[in-house]
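Structure first, then comments.
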There are 2 protein chains.
Amino acid sequence: MTLLDPALQTLAHPEPFEGLGVRMVFARGEDIYTQDEKADLLYRVISGAVRTTRIMSDGRRQIGDFYFGDDMFGLECGQTHRFAAEALTTCEVLVFKPGAALPGHTGDTRIQAALWEATTQELERSREHLMLLGRHTALERVGVFLLSLSRRMGHGELAMGRQDMADYLGLTIETVSRMLSQLQAEGMVEFFGARRYRLLRPERLRAWADA
Amino acid sequence: MTLLDPALQTLAHPEPFEGLGVRMVFARGEDIYTQDEKADLLYRVISGAVRTTRIMSDGRRQIGDFYFGDDMFGLECGQTHRFAAEALTTCEVLVFKPGAALPGHTGDTRIQAALWEATTQELERSREHLMLLGRHTALERVGVFLLSLSRRMGHGELAMGRQDMADYLGLTIETVSRMLSQLQAEGMVEFFGARRYRLLRPERLRAWADA
DNA sequence: CGACACGTTGATTACGCTCAAAGATCGTGG
DNA sequence: CCACGATCTTTGAGCGTAATCAACGTGTCG
């Protein structure tokens with residue numbers, strides 16, 4: 001991990017976090033924080049992508065979420081991180097200490113509003129993720145994943161490999177691969193190589209995510 | 001649904017919500033709010049139990065969470081409720097309009113702190129729920145569910161039936177029943193009737209929930 | 001160009017679902 | 001208080017989806 005000279009930090013970031021913390025660079029695969037580590041810092045993705053993971057003693061792995069540009073992560077209810085955070089790609093992360101800036105204290109209301117917004121959005125995403133895992137077939141999980149990812153990114157490029165998709169969706173890498181092939185065969189999506197894709201029937205995928 | 005005369009409201013509730021809203025009583029099975037309803041109110045369980053559910057067009061149902069005494073619910077990121085809330089048992093609920101009391105505004109910091117606490121706790125529970133659905137077997141899901149419920153309630157009584165457990169755990173009612181039988185056969189839990197139980201090996205269940 | 005990680009496809013297995021029926025449990029009213 | 005009915009729960013038999021085990025492509029980078 002590399003610490004950038006604060007003096008070099010530009011002001012390219014949206015309020016209200018500029019200048020609040022330290023910018024750090026992580027290499028692909030590097031830990032940003034680990035499971036059971038003390039949780040007293042907050043993080044914001046500047047560039048690149050991050051995943052949070054939890055590994056069970058027998059090796060089963062669950063990905064909690066993926067984070068991209070401007071997403072905040074690292075928020076915990078308790079004292080320690082229940083998931084680890086790892087750099088999915090090389091990434092730049094803004095790290096800062098929330099301290100008394102958390103809601104419920106008398107602090108900068110702009111920061112509190114941003115934290116509140118980020119937290120409720122994360123809760124919302126967590127609930128959608130839950131829906132996907134609880135009552136959807138393998139084909140639906142993979143299709144809805146591609147849809148939500150393309151909506152979030154604005155383009156069709158997977159930042160993660162098949163194993164990460166599988167561990168996010170509660171499937172095996174083989175099943176993910178098969179479902180991607182089936183989605184292609186059914187004309188739902190077109191792939192260019194393993195990671196670039198274009199959705200051909202987003203409205204049908206939206207129906208899968210639905211009510 | 002019944003509206004209690006505010007004059008009759010006692011002050012039996014913890015700060016900071018007392019006197020803030022209206023107390024309402026819902027009968028078992030009654031909707032507190034529905035899917036796609038406008039989300040501008042917050043709720044707090046006074047007594048009884050509540051479930052949030054989402055139903056897909058083909059009838060598949062997912063339970064988002066269960067809420068018991070003093071739990072807050074109804075918080076949404078967007079403008080509408082993505083899940084419905086229903087009374088699991090007859091229950092009393094405190095309903096109030098958060099308005100400018102949300103973090104990020106200049107309002108009562110005690111209320112903001114309580115909202116923040118409730119929200120991060122809900123996020124935490126949502127993540128645990130996610131883990132359960134993603135990478136756990138049917139037996140593990142049912143066992144860990146009994147454990148977490150007993151930790152939350154302080155006693156071993158199920159407020160919900162098998163169908164609700166199934167829809168929370170992403171299983172069928174038959175599988176839930178079979179796993180309960182198996183847990184009993186393995187001496188993990190003892191049942192008195194269909195709803196009262198006692199955990200005999202909580203430490204083993206804790207290991208199932210684990211890292 | 002070669003080596004290695006990553007991804008796809010095939011064959012077989014197993015876990016949980018579906019369909020079906022019997023057994024508990026609970027509320028209600030005689 | 002007991003009998004009845006409705007609802008909920010348990011158990012059984014067979015099936016289907018996704019997991020596992022295995023081999024073959026493909027893409028990427030020194």
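Within every chain, numbering begins at 1; the chains are lettered A, B, ... in the order of the sequence lines, protein sequences first and strands thereafter.
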Quiz item: When the distance from CD of A:Gln182 to P of C:dT9 is rounded to whole Å, what number comes out?
Solution: 12 Å

Practice problem: For D:dT9, take OP1 and OP2 only and decide whether either is under 4.0 Å from a side-chain N or O of B:Ser177. | Solution: no

Quiz item: In whole angstrom, what separates A:Phe192's CZ from D:dT26's C1'?
Solution: 18 Å

Practice problem: Measure from CZ on B:Arg141 to P on C:dC15 and round the result to the nearest Å. | Solution: 14 Å

Quiz prompt | Between the first and last five pairs of the helix from C:dC1-D:dG30 to C:dG30-D:dC1, the angle of the axes, rounded to 10 degrees | solution = 40°

Exercise. Please round to the nearest 0.5 Å and tell me the distance separating atom CG of B:Leu158 and atom CG of B:Leu146.
Key: 6.0 Å

Exercise. Let me know the distance between CD1 of B:Ile173 and C1' of C:dC17, rounded to the nearest Å.
Key: 13 Å

Quiz item: B:Arg60 side chain to A:Arg135 main-chain N or O, any donor-acceptor pair under 3.5 Å?
Solution: yes

Quiz item: What nucleotide among D:dT9, C:dT9, D:dT11 has an atom nearest to a side-chain atom of B:Ser181?
Solution: D:dT11

Quiz item: Over how many whole Å does the gap from B:Arg195 atom CZ to C:dT25 atom C1' extend?
Solution: 10 Å

Quiz prompt | Heavy-atom donor-acceptor pair, A:Gln163 side-chain to C:dC6 base, under 3.5 Å | solution = no

Practice problem: Send over the distance from A:Glu174 CD to D:dT17 C1', rounded to a whole Å. | Solution: 14 Å

Quiz item: Could you state the CG-P distance from A:Leu171 to D:dT20, rounded to the nearest angstrom?
Solution: 11 Å

Quiz item: Start at the 5' end of DNA chain C and walk down; is the nucleotide closest to B:Gly193 or to A:Gly161 reached first?
Solution: A:Gly161

Self-check item: Check: B:Arg178 side chain, C:dT18 base, donor-acceptor under 3.5 Å
Solution: yes

Quiz item: Taking only N and O in the side chain of B:Thr172, is any of them less than 4.0 Å away from OP1 or OP2 of C:dG16?
Solution: no

